[in-house]
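Below is one structure, written out as C-alpha coordinates, with a few remarks after it.
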Protein chains: 2
Amino acid sequence: MSLRPYEDVMKAVADPTRVRILKILEGGELCVCQIIAVIALGQSTISKHLFLLRSAGLIKDRRDKKWVHYSLDGKGGNPYAGTMLRNLRKWLNDDPLVRKDRERTTLARNLGPVAICEGGMALPGGKTVRCRPASGGEASAARPG
Amino acid sequence: MSLRPYEDVMKAVADPTRVRILKILEGGELCVCQIIAVIALGQSTISKHLFLLRSAGLIKDRRDKKWVHYSLDGKGGNPYAGTMLRNLRKWLNDDPLVRKDRERTTLARNLGPVAICEGGMALPGGKTVRCRPASGGEASAARPG
DNA sequence: ATGTCAATTCGTCAGGTGACGAAATAAAGG
DNA sequence: CCTTTATTTCGTCACCTGACGAATTGACAT
(Lines give C-alpha, C1' and ligand atoms only; values in the text may rest on other atoms or scores of the structure.)
Protein backbone atom coordinates (compact mmCIF):
# COMPACT_ATOMS: atom_id res chain seq x y z
CA MET A 1 0.00 0.00 0.00
CA SER A 2 2.99 2.29 -0.43
CA LEU A 3 3.75 4.64 -3.26
CA ARG A 4 6.82 2.86 -4.63
CA PRO A 5 5.28 -0.41 -5.88
CA TYR A 6 2.32 1.59 -7.14
CA GLU A 7 4.61 3.82 -9.14
CA ASP A 8 6.53 0.83 -10.52
CA VAL A 9 3.39 -0.76 -11.91
CA MET A 10 1.86 2.45 -13.26
CA LYS A 11 5.05 3.61 -14.95
CA ALA A 12 5.41 0.12 -16.39
CA VAL A 13 1.94 0.01 -17.92
CA ALA A 14 2.09 3.65 -19.06
CA ASP A 15 4.62 2.93 -21.79
CA PRO A 16 3.11 1.94 -25.17
CA THR A 17 5.77 -0.64 -25.98
CA ARG A 18 5.34 -2.34 -22.62
CA VAL A 19 1.55 -2.44 -23.01
CA ARG A 20 2.05 -4.06 -26.40
CA ILE A 21 4.18 -6.73 -24.75
CA LEU A 22 1.57 -7.31 -22.04
CA LYS A 23 -1.20 -7.51 -24.62
CA ILE A 24 0.58 -10.12 -26.75
CA LEU A 25 1.36 -12.12 -23.62
CA GLU A 26 -2.35 -12.34 -22.90
CA GLY A 27 -2.39 -15.11 -25.48
CA GLY A 28 0.03 -17.15 -23.40
CA GLU A 29 3.76 -17.31 -22.77
CA LEU A 30 6.25 -16.31 -25.43
CA CYS A 31 9.97 -16.67 -25.95
CA VAL A 32 12.01 -13.43 -25.91
CA CYS A 33 12.92 -13.89 -29.55
CA GLN A 34 9.24 -14.17 -30.42
CA ILE A 35 8.48 -10.95 -28.59
CA ILE A 36 11.33 -9.23 -30.41
CA ALA A 37 9.97 -10.50 -33.71
CA VAL A 38 6.46 -9.22 -33.01
CA ILE A 39 7.35 -5.81 -31.57
CA ALA A 40 10.21 -5.31 -34.03
CA LEU A 41 12.56 -3.33 -31.79
CA GLY A 42 16.17 -4.06 -30.81
CA GLN A 43 16.79 -6.98 -28.47
CA SER A 44 18.41 -4.73 -25.87
CA THR A 45 15.35 -2.52 -25.90
CA ILE A 46 12.95 -5.41 -25.47
CA SER A 47 15.15 -6.92 -22.78
CA LYS A 48 15.03 -3.69 -20.79
CA HIS A 49 11.27 -3.52 -21.08
CA LEU A 50 10.93 -7.13 -19.95
CA PHE A 51 13.12 -6.35 -16.97
CA LEU A 52 10.93 -3.43 -15.94
CA LEU A 53 7.74 -5.44 -16.37
CA ARG A 54 9.19 -8.25 -14.28
CA SER A 55 10.37 -5.82 -11.60
CA ALA A 56 6.82 -4.52 -11.35
CA GLY A 57 5.51 -8.05 -10.89
CA LEU A 58 3.53 -7.97 -14.12
CA ILE A 59 5.34 -10.83 -15.85
CA LYS A 60 7.44 -13.82 -14.86
CA ASP A 61 10.09 -15.77 -16.74
CA ARG A 62 10.76 -19.45 -17.24
CA ARG A 63 13.89 -20.97 -18.69
CA ASP A 64 13.62 -23.86 -21.15
CA LYS A 65 16.83 -25.02 -22.82
CA LYS A 66 18.37 -22.06 -24.58
CA TRP A 67 15.23 -19.96 -24.46
CA VAL A 68 13.64 -17.74 -21.87
CA HIS A 69 9.85 -17.65 -21.90
CA TYR A 70 7.84 -14.82 -20.43
CA SER A 71 4.23 -14.88 -19.31
CA LEU A 72 1.82 -12.71 -17.38
CA ASP A 73 2.16 -12.89 -13.60
CA GLY A 74 0.33 -10.51 -11.27
CA LYS A 75 0.32 -13.04 -8.45
CA GLY A 76 3.46 -11.67 -6.82
CA GLY A 77 3.86 -9.30 -3.91
CA ASN A 78 2.80 -6.22 -5.83
CA PRO A 79 -0.94 -5.74 -5.24
CA TYR A 80 -1.40 -3.33 -8.14
CA ALA A 81 -0.07 -5.66 -10.83
CA GLY A 82 -3.00 -8.08 -10.73
CA THR A 83 -5.60 -5.34 -10.96
CA MET A 84 -3.90 -3.66 -13.88
CA LEU A 85 -3.50 -6.93 -15.76
CA ARG A 86 -7.18 -7.62 -15.23
CA ASN A 87 -8.03 -4.13 -16.52
CA LEU A 88 -5.78 -4.56 -19.53
CA ARG A 89 -7.57 -7.78 -20.48
CA LYS A 90 -10.64 -5.69 -21.16
CA TRP A 91 -8.82 -2.66 -22.52
CA LEU A 92 -7.27 -1.82 -25.88
CA ASN A 93 -8.58 -4.89 -27.66
CA ASP A 94 -9.87 -2.69 -30.47
CA ASP A 95 -6.65 -0.75 -30.88
CA PRO A 96 -5.27 -1.22 -34.41
CA LEU A 97 -1.68 -1.67 -33.24
CA VAL A 98 -2.69 -4.23 -30.64
CA ARG A 99 -4.71 -6.14 -33.24
CA LYS A 100 -1.82 -6.09 -35.68
CA ASP A 101 0.52 -7.33 -32.96
CA ARG A 102 -1.91 -10.13 -32.22
CA GLU A 103 -1.81 -11.29 -35.82
CA ARG A 104 1.96 -11.23 -35.81
CA THR A 105 1.92 -13.12 -32.53
CA THR A 106 -0.14 -15.93 -34.02
CA LEU A 107 2.42 -16.12 -36.80
CA ALA A 108 5.26 -16.14 -34.28
CA ARG A 109 3.57 -18.92 -32.31
CA ASN A 110 3.15 -21.07 -35.40
CA LEU A 111 6.77 -20.59 -36.37
CA GLY A 112 8.10 -21.32 -32.90
CA PRO A 113 11.25 -19.99 -31.17
CA VAL A 114 13.70 -22.09 -33.17
CA ALA A 115 12.62 -20.86 -36.58
CA ILE A 116 12.41 -17.27 -35.41
CA CYS A 117 15.87 -17.25 -33.87
CA GLU A 118 17.29 -18.88 -36.99
CA GLY A 119 15.56 -16.22 -39.04
CA GLY A 120 17.31 -13.43 -37.12
CA MET A 121 14.54 -12.90 -34.58
CA ALA A 122 12.24 -11.56 -37.22
CA LEU A 123 8.98 -12.58 -38.77
CA PRO A 124 9.11 -13.28 -42.50
CA GLY A 125 9.45 -9.89 -44.15
CA GLY A 126 10.64 -8.13 -40.99
CA LYS A 127 14.08 -6.72 -40.37
CA THR A 128 16.52 -9.21 -38.87
CA VAL A 129 18.54 -8.59 -35.76
CA ARG A 130 21.39 -10.92 -36.64
CA CYS A 131 22.36 -10.77 -40.29
CA ARG A 132 23.40 -14.33 -40.81
CA PRO A 133 24.65 -15.12 -44.32
CA ALA A 134 21.98 -17.82 -44.62
CA SER A 135 22.69 -20.55 -47.15
CA GLY A 136 19.73 -19.63 -49.35
CA GLY A 137 19.25 -16.03 -50.52
CA GLU A 138 16.50 -14.21 -48.59
CA ALA A 139 14.79 -11.76 -50.91
CA SER A 140 13.82 -8.75 -48.80
CA ALA A 141 14.68 -9.76 -45.25
CA ALA A 142 18.04 -8.33 -44.22
CA ARG A 143 18.40 -4.54 -44.41
CA PRO A 144 21.96 -3.45 -43.53
CA GLY A 145 22.49 -0.18 -41.85
CA MET B 1 -10.48 2.00 -26.84
CA SER B 2 -7.38 3.43 -28.48
CA LEU B 3 -3.88 3.72 -27.11
CA ARG B 4 -3.69 7.50 -26.85
CA PRO B 5 -6.35 8.18 -24.16
CA TYR B 6 -5.09 5.11 -22.31
CA GLU B 7 -1.56 6.50 -22.31
CA ASP B 8 -2.78 9.92 -21.19
CA VAL B 9 -4.50 8.48 -18.12
CA MET B 10 -1.72 6.07 -17.19
CA LYS B 11 1.06 8.61 -17.55
CA ALA B 12 -1.07 11.02 -15.53
CA VAL B 13 -1.59 8.64 -12.63
CA ALA B 14 2.00 7.32 -12.77
CA ASP B 15 3.47 10.55 -11.40
CA PRO B 16 3.68 10.76 -7.59
CA THR B 17 2.79 14.44 -7.40
CA ARG B 18 -0.28 13.94 -9.56
CA VAL B 19 -1.42 10.97 -7.46
CA ARG B 20 -1.06 13.15 -4.39
CA ILE B 21 -3.33 15.73 -6.00
CA LEU B 22 -5.90 13.07 -6.90
CA LYS B 23 -5.78 11.63 -3.41
CA ILE B 24 -6.39 14.96 -1.69
CA LEU B 25 -9.23 15.69 -4.14
CA GLU B 26 -10.95 12.51 -2.95
CA GLY B 27 -12.08 14.57 0.03
CA GLY B 28 -13.95 16.96 -2.26
CA GLU B 29 -13.13 19.93 -4.46
CA LEU B 30 -10.28 22.28 -3.65
CA CYS B 31 -9.13 25.68 -4.81
CA VAL B 32 -5.81 25.79 -6.71
CA CYS B 33 -4.22 27.80 -3.95
CA GLN B 34 -5.25 25.14 -1.43
CA ILE B 35 -3.67 22.43 -3.55
CA ILE B 36 -0.48 24.49 -3.81
CA ALA B 37 -0.48 24.94 -0.05
CA VAL B 38 -0.86 21.20 0.61
CA ILE B 39 1.58 19.88 -1.99
CA ALA B 40 4.06 22.70 -1.36
CA LEU B 41 5.45 23.03 -4.88
CA GLY B 42 5.58 26.08 -7.17
CA GLN B 43 2.31 27.36 -8.61
CA SER B 44 3.49 26.86 -12.18
CA THR B 45 4.35 23.26 -11.36
CA ILE B 46 0.95 22.55 -9.81
CA SER B 47 -0.79 24.32 -12.65
CA LYS B 48 0.94 22.08 -15.19
CA HIS B 49 -0.02 18.97 -13.25
CA LEU B 50 -3.62 20.11 -13.03
CA PHE B 51 -3.62 20.70 -16.78
CA LEU B 52 -2.39 17.17 -17.46
CA LEU B 53 -4.91 15.64 -15.05
CA ARG B 54 -7.71 17.60 -16.69
CA SER B 55 -6.54 16.62 -20.18
CA ALA B 56 -6.73 12.99 -19.10
CA GLY B 57 -10.29 13.50 -17.90
CA LEU B 58 -9.40 12.74 -14.29
CA ILE B 59 -10.39 16.11 -12.85
CA LYS B 60 -12.62 19.02 -13.81
CA ASP B 61 -12.51 22.70 -12.91
CA ARG B 62 -15.13 25.18 -11.77
CA ARG B 63 -14.71 28.92 -11.52
CA ASP B 64 -16.09 30.79 -8.52
CA LYS B 65 -15.27 34.48 -8.26
CA LYS B 66 -11.51 34.84 -8.28
CA TRP B 67 -10.85 31.18 -7.54
CA VAL B 68 -10.69 28.06 -9.66
CA HIS B 69 -11.81 24.90 -7.90
CA TYR B 70 -10.78 21.43 -9.02
CA SER B 71 -12.54 18.16 -8.28
CA LEU B 72 -12.40 14.56 -9.43
CA ASP B 73 -14.17 13.84 -12.70
CA GLY B 74 -13.83 10.50 -14.51
CA LYS B 75 -17.24 10.89 -16.14
CA GLY B 76 -15.85 12.37 -19.34
CA GLY B 77 -15.05 10.74 -22.65
CA ASN B 78 -11.98 8.92 -21.43
CA PRO B 79 -13.09 5.43 -20.34
CA TYR B 80 -9.91 4.71 -18.37
CA ALA B 81 -10.18 7.70 -16.06
CA GLY B 82 -13.17 6.43 -14.11
CA THR B 83 -11.67 3.02 -13.50
CA MET B 84 -8.39 4.44 -12.30
CA LEU B 85 -10.11 6.90 -9.97
CA ARG B 86 -12.12 4.02 -8.52
CA ASN B 87 -8.93 2.01 -8.05
CA LEU B 88 -7.18 4.93 -6.42
CA ARG B 89 -9.99 5.30 -3.89
CA LYS B 90 -8.94 1.93 -2.48
CA TRP B 91 -5.23 2.35 -3.04
CA LEU B 92 -2.49 4.21 -1.16
CA ASN B 93 -4.65 5.12 1.81
CA ASP B 94 -1.98 3.78 4.15
CA ASP B 95 0.87 5.63 2.47
CA PRO B 96 2.54 8.01 4.92
CA LEU B 97 2.83 10.86 2.43
CA VAL B 98 -0.82 10.52 1.41
CA ARG B 99 -1.86 10.52 5.07
CA LYS B 100 0.23 13.58 5.78
CA ASP B 101 -1.27 15.36 2.78
CA ARG B 102 -4.72 14.49 4.05
CA GLU B 103 -4.01 16.17 7.38
CA ARG B 104 -2.72 19.25 5.62
CA THR B 105 -5.80 19.20 3.39
CA THR B 106 -8.10 19.29 6.41
CA LEU B 107 -6.16 22.29 7.64
CA ALA B 108 -6.41 23.94 4.20
CA ARG B 109 -10.16 23.31 4.13
CA ASN B 110 -10.67 24.89 7.52
CA LEU B 111 -8.65 27.94 6.55
CA GLY B 112 -10.41 28.38 3.20
CA PRO B 113 -9.09 29.86 -0.06
CA VAL B 114 -9.08 33.47 1.10
CA ALA B 115 -6.86 32.97 4.13
CA ILE B 116 -4.51 30.72 2.20
CA CYS B 117 -4.07 33.13 -0.70
CA GLU B 118 -3.50 35.98 1.73
CA GLY B 119 -0.93 33.86 3.49
CA GLY B 120 1.08 33.42 0.26
CA MET B 121 -0.54 30.13 -0.74
CA ALA B 122 1.01 28.32 2.16
CA LEU B 123 -0.20 26.58 5.26
CA PRO B 124 0.99 28.11 8.54
CA GLY B 125 4.66 27.17 8.80
CA GLY B 126 5.06 26.40 5.11
CA LYS B 127 7.04 28.38 2.58
CA THR B 128 5.10 31.16 0.90
CA VAL B 129 4.82 31.63 -2.83
CA ARG B 130 4.19 35.37 -2.67
CA CYS B 131 6.35 37.14 -0.13
CA ARG B 132 3.99 39.90 0.86
CA PRO B 133 5.37 42.35 3.41
CA ALA B 134 2.43 41.60 5.72
CA SER B 135 1.57 44.30 8.21
CA GLY B 136 2.23 42.07 11.19
CA GLY B 137 5.54 40.21 11.45
CA GLU B 138 5.21 36.51 10.62
CA ALA B 139 7.70 34.53 12.64
CA SER B 140 8.83 31.61 10.47
CA ALA B 141 6.62 31.83 7.42
CA ALA B 142 8.48 33.58 4.64
CA ARG B 143 11.77 32.06 3.59
CA PRO B 144 13.51 34.17 0.94
CA GLY B 145 15.30 31.90 -1.60
C1' DA C 1 36.89 -26.95 -22.20
C1' DT C 2 35.38 -24.73 -25.94
C1' DG C 3 32.35 -22.73 -29.40
C1' DT C 4 27.69 -21.31 -30.29
C1' DC C 5 23.98 -18.46 -29.72
C1' DA C 6 19.85 -16.49 -27.03
C1' DA C 7 19.53 -13.04 -23.82
C1' DT C 8 21.29 -9.41 -20.84
C1' DT C 9 24.15 -5.53 -19.66
C1' DC C 10 26.89 -1.42 -21.03
C1' DG C 11 27.72 3.00 -23.22
C1' DT C 12 25.74 6.54 -25.70
C1' DC C 13 22.49 9.79 -27.49
C1' DA C 14 18.10 12.33 -28.67
C1' DG C 15 13.90 13.58 -26.77
C1' DG C 16 10.57 13.80 -22.92
C1' DT C 17 9.48 15.31 -18.14
C1' DG C 18 9.26 17.85 -13.85
C1' DA C 19 11.02 21.51 -11.34
C1' DC C 20 11.63 26.62 -10.92
C1' DG C 21 11.10 31.91 -11.59
C1' DA C 22 9.44 35.46 -14.57
C1' DA C 23 6.06 37.21 -17.46
C1' DA C 24 1.37 37.10 -19.26
C1' DT C 25 -3.60 36.46 -18.65
C1' DA C 26 -8.16 37.14 -16.80
C1' DA C 27 -11.60 38.16 -13.34
C1' DA C 28 -12.96 41.63 -9.30
C1' DG C 29 -13.19 45.79 -7.29
C1' DG C 30 -12.31 50.54 -6.67
C1' DC D 1 -10.08 52.61 -16.61
C1' DC D 2 -6.81 50.82 -13.96
C1' DT D 3 -5.07 48.21 -10.17
C1' DT D 4 -4.98 44.00 -7.77
C1' DT D 5 -4.29 39.20 -7.66
C1' DA D 6 -5.30 34.13 -8.56
C1' DT D 7 -3.98 31.28 -12.15
C1' DT D 8 -1.78 30.06 -16.46
C1' DT D 9 1.83 30.22 -19.85
C1' DC D 10 6.70 30.83 -21.16
C1' DG D 11 11.59 30.02 -20.93
C1' DT D 12 15.08 27.45 -18.86
C1' DC D 13 17.52 23.72 -16.78
C1' DA D 14 18.71 19.14 -14.71
C1' DC D 15 17.30 14.62 -14.93
C1' DC D 16 14.90 10.56 -16.54
C1' DT D 17 13.62 7.53 -20.33
C1' DG D 18 13.65 4.84 -24.50
C1' DA D 19 16.10 3.79 -28.44
C1' DC D 20 20.31 1.76 -30.60
C1' DG D 21 24.78 -1.07 -31.35
C1' DA D 22 28.53 -3.34 -29.10
C1' DA D 23 30.24 -6.14 -25.68
C1' DT D 24 29.29 -9.57 -22.16
C1' DT D 25 27.01 -13.35 -19.95
C1' DG D 26 25.38 -17.95 -19.45
C1' DA D 27 23.26 -22.32 -20.84
C1' DC D 28 23.68 -25.92 -24.21
C1' DA D 29 26.10 -29.12 -27.42
C1' DT D 30 30.01 -31.05 -28.95
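Predicted model, so just to flag it, every value in this text is computed and none were measured. Per chain, numbering begins at 1; letters A, B, ... match sequence-line order.
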Indicate if B:Trp67 and B:Ile36 have the same hydrophobic cluster label, given that clusters are the connected sets of ILVMFWY residues with side-chain heavy-atom separations under 4.5 angstrom.
no
Distance, rounded to the nearest Å, where [X] contributes [atom1] and [N] contributes [atom2]:
{"X": "B:Gln43", "N": "C:dA22", "atom1": "CD", "atom2": "P", "result": "11 Å"}
{"X": "A:Ile59", "N": "C:dA7", "atom1": "CD1", "atom2": "C1'", "result": "13 Å"}
{"X": "A:Asp8", "N": "D:dT17", "atom1": "CG", "atom2": "P", "result": "10 Å"}
{"X": "A:Ile21", "N": "D:dG18", "atom1": "CD1", "atom2": "C1'", "result": "12 Å"}
{"X": "B:Ile35", "N": "D:dA6", "atom1": "CD1", "atom2": "C1'", "result": "13 Å"}
{"X": "A:His69", "N": "C:dA6", "atom1": "NE2", "atom2": "P", "result": "13 Å"}
{"X": "A:Asp61", "N": "C:dA6", "atom1": "CG", "atom2": "P", "result": "18 Å"}
{"X": "A:Ile46", "N": "C:dT9", "atom1": "CD1", "atom2": "C1'", "result": "16 Å"}

So, using salt bridge (Lys or Arg N to Asp or Glu O under 4.0 Å) as the criterion, who are the partners of [X] when residues are at least two apart?
{"X": "A:Arg63", "value": "none"}
{"X": "A:Lys23", "value": "A:Glu26"}
{"X": "B:Arg99", "value": "B:Asp94"}

For A:Arg109, which residues count as a side chain to side chain donor-acceptor pair (under 3.5 Å) partner, sequence neighbours excluded?
none
Divergence of helical axes at both termini of the helix from C:dA1-D:dT30 to C:dG30-D:dC1 - five pairs an end, 10° steps:
20°
Within this structure, what is the CG-CG distance for the pair B:Leu92 and B:Asn87, rounded to the nearest 0.5 Å?
10.5 Å
Please list, pair by pair, any protein nitrogen or oxygen found under 3.5 Å from a nitrogen or oxygen in nucleotides 26-30 of chain C.
| residue | atom | partner | partner atom | Å |
| --- | --- | --- | --- | --- |
| C:dA28 | OP1 | B:Lys65 | O | 3.2 |

Find every protein N or O atom lying less than 3.5 Å from an N or O atom of nucleotides 11-19 of chain C, and list the pairs.
| residue | atom | partner | partner atom | Å |
| --- | --- | --- | --- | --- |
| C:dG18 | OP1 | B:Asp15 | OD1 | 3.4 |
| C:dG18 | OP1 | B:Arg18 | NH1 | 3.3 |
| C:dG18 | OP1 | B:Arg18 | NH2 | 2.8 |
| C:dA19 | OP1 | B:Thr17 | OG1 | 3.2 |
| C:dA19 | OP2 | B:His49 | NE2 | 2.3 |

Where at least one partner belongs to [range], residue pairs that pass salt bridge (charged side-chain N to carboxylate O under 4.0 Å, His left out), sequence neighbours excluded:
{"range": "residues 28-40 of chain B", "result": "B:Glu29-B:Arg62"}
{"range": "residues 65-80 of chain B", "result": "none"}
{"range": "residues 9-21 of chain A", "result": "A:Glu7-A:Lys11, A:Arg20-A:Asp101"}

Donor-acceptor pairs under 3.5 Å, side chain of residues 50-61 of chain A to any protein atom, not counting sequence neighbours: which ones?
| residue | atom | partner | partner atom | Å |
| --- | --- | --- | --- | --- |
| A:Ser55 | OG | A:Phe51 | O | 2.8 |
| A:Lys60 | NZ | A:Leu72 | O | 3.4 |

Compare side-chain N and O positions of B:Tyr70 against OP1 and OP2 of D:dA6 and report whether any pair is under 4.0 Å apart.
no
By side chain to side chain contact (heavy atoms under 4.5 Å, CB included) - contacts of B:Thr106 (at least two apart):
B:Asn110
